[in-house]
Amino acid sequence: MEVITQILESLQNGKPDKVSQLTKQAIDDGIDLKTILDQGLIAGMSVVGQKFKEHEIFLPDVLLAAKAMYAGMEVLKPLMIENDISSIGKIVIGTVHGDLHDIGKNLVGIMLRGAGFDVIDLGSNVPADKFIDKAIETNADMIGLSALLTTTMPVMRDVLDLAKEKGILGKIKIIIGGAPLSADYAAEIGAHAYCFDGINAVECAKRLIEAK
Amino acid sequence: MVPFLDRLQKGDILLGDGALGTMLFQRGLKSGQCPEKMNLDSPEILREVAKLYIDAGSDIVSTNTFGGSPLKLAVYNLEDKCKEINKSGVKAVRDSIRDKAYLAASLGPCGKLLRPYGEAEPELVSRGYEKQISPLLEEGIDVIYFETFTDINEAVLGIKTAKSIAPEIPVCATMTFDKTSRGFFTIMGTAIEQACIELAEAGADVVGSNCGNGIENMVLIAEQFKKYSTLPILIQSNAGLPEIKNGVLKYNESPIFMTERIRELLALGINIIGGCCGTGPNHISCFRKEIDNFIK
């Protein structure tokens, strides 16, 4: 499918208008929505993610590719809702209270959306109860916590404790990420996974969704 | 004092100071608080830290103004205190160092991605730097440090703004690099060679790297700067990368460990050496001894 290949390429080249136009064309051509999503947009972001992981491209290219992907998603979204095509999972993400760093979290958000997740991004400096309340309100499958400062890592423990207190910890999976963190810390606080980068976050999230 | 750039031109090696953030956390700064607000609330702490560094032998002491841009302060609803925060940051350091060392005003990135990658307008960011540099200038500074930059466009914007409103103040511009299989790059994808070219073109007087790495990687970064830079080079290394052991934050590179590798920086001909996150007065006094030995 020529148009799918073009969507793939234009996404990687960071061309939102082109991706939007090509997505509309693909729909008009009668191509299945899931095919456009999976083989065009998600596949495109997957290539971007891989190149980023291998340091062939960097953050600016990922950000532009993301804009292109979102442009395609905007076209698909209303039709997906109409046709009952849901995302593969819903995750609430944010940088924890006291921490304003958000580039890593934003990248994870891009990769997760790019993999077909519904991502609710609470931004940065987010208190523990806001994560929990939002996850409950939106019936999320997961919470993703980010911290760059070692001084704000303990807030992650508060989120886990609050989740336990509210009885949602098993139902809602919690993943963590950020430079000072580790699998050891995740285990220590009872998180379900530590993700070392955006692509790994997608792998962890998919694994946890499949295990549900 | 002998003008800063004259010292570098003569071939003098200058010693910067160590970390400020980690020192402030040890002195009561709480997670989530605006570090720069301490300039207003507890200037005595900033005076104390400056004194510790000057006593340890620093030739350059920097101000607690890294996040003093109005854009950064706005996050804490403190943008209307921009002038006072920056002025008091300079005053606290000057009170301790007088004319025994150069006073470097520290300026960091605005915290937002510039268009087209993010929403920050370059014009707005430039005006933010102006609003920060003016009070710093008024209070009296010797050097401007643009530190911990990862976006070359933002660094260039900062340098050009500084040079347009404070042409007489030397500008040092340092960026933070990550080691990858393909070499050292900032998260925005700037390589060291590109940084050297563009920072110099923008008008920087000194270029280099700070933060993000322990001393061993910094030596490798320094080698690259030496290869590509036509300007004097400034290197400020972390004391390793932080680890949490039993709930306690530790930076693992001791003064002795770092000082052994400072020798390599000196052998390379690096012009200004300092410390970043996790370093303290003990590191600086060890570096001082090493530099003095080297000069002999």
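A, B, ... follow the sequence lines: proteins, then strands. Residue 1 opens every chain. These numbers come from the heavy atoms of this one structure, side chains and all, not from hydrogens, waters or symmetry mates.
Remark: aromatic rings of B:F185 and B:F177 are distant, center separation not under 6.0 Å.
A:V96 places none of its side-chain heavy atoms less than 4.5 Å from the side chain of A:V126.
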* **Worked verdict on B:Y129 versus B:F146 for ring pair (Phe, Tyr, Trp, His ring centres under 6.0 Å)** => CA-CA 10 Å; B:Y129 285 129; B:F146 284 107; 5.6 Å; yes

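Listed options B:D151, B:I187, B:T150 were ranked by heavy-atom pairs under 4.5 angstrom with chain A; first place goes to B:I187. Between chain B and the residues A:D99, A:L100, A:N125, A:V62, the largest count of heavy-atom pairs under 4.5 Å involves A:L100.
Heavy-atom distances place no part of A:L181 under 4.5 Å from chain B, backbone and side chain included. If you measure heavy-atom distances from A:L63 to chain B, the contacts under 4.5 Å come from the side chain alone. For a residue to count as touching a neighbouring chain, one of its non-hydrogen atoms must lie under 4.5 Å from one of that chain's; by this rule A:I57 does not touch chain B. Residue B:L241 does not touch chain A at all, counting heavy-atom pairs closer than 4.5 Å.
Although no hydrogens or angles enter the test, the distance criterion places a donor-acceptor pair under 3.5 Å between the side chain of B:H283 and the main chain of B:E253.
Only one option out of A:I93, A:I143, A:L208, A:V108 pairs with A:I175 in a side chain to side chain contact (heavy atoms under 4.5 Å, CB included); it is A:L208.
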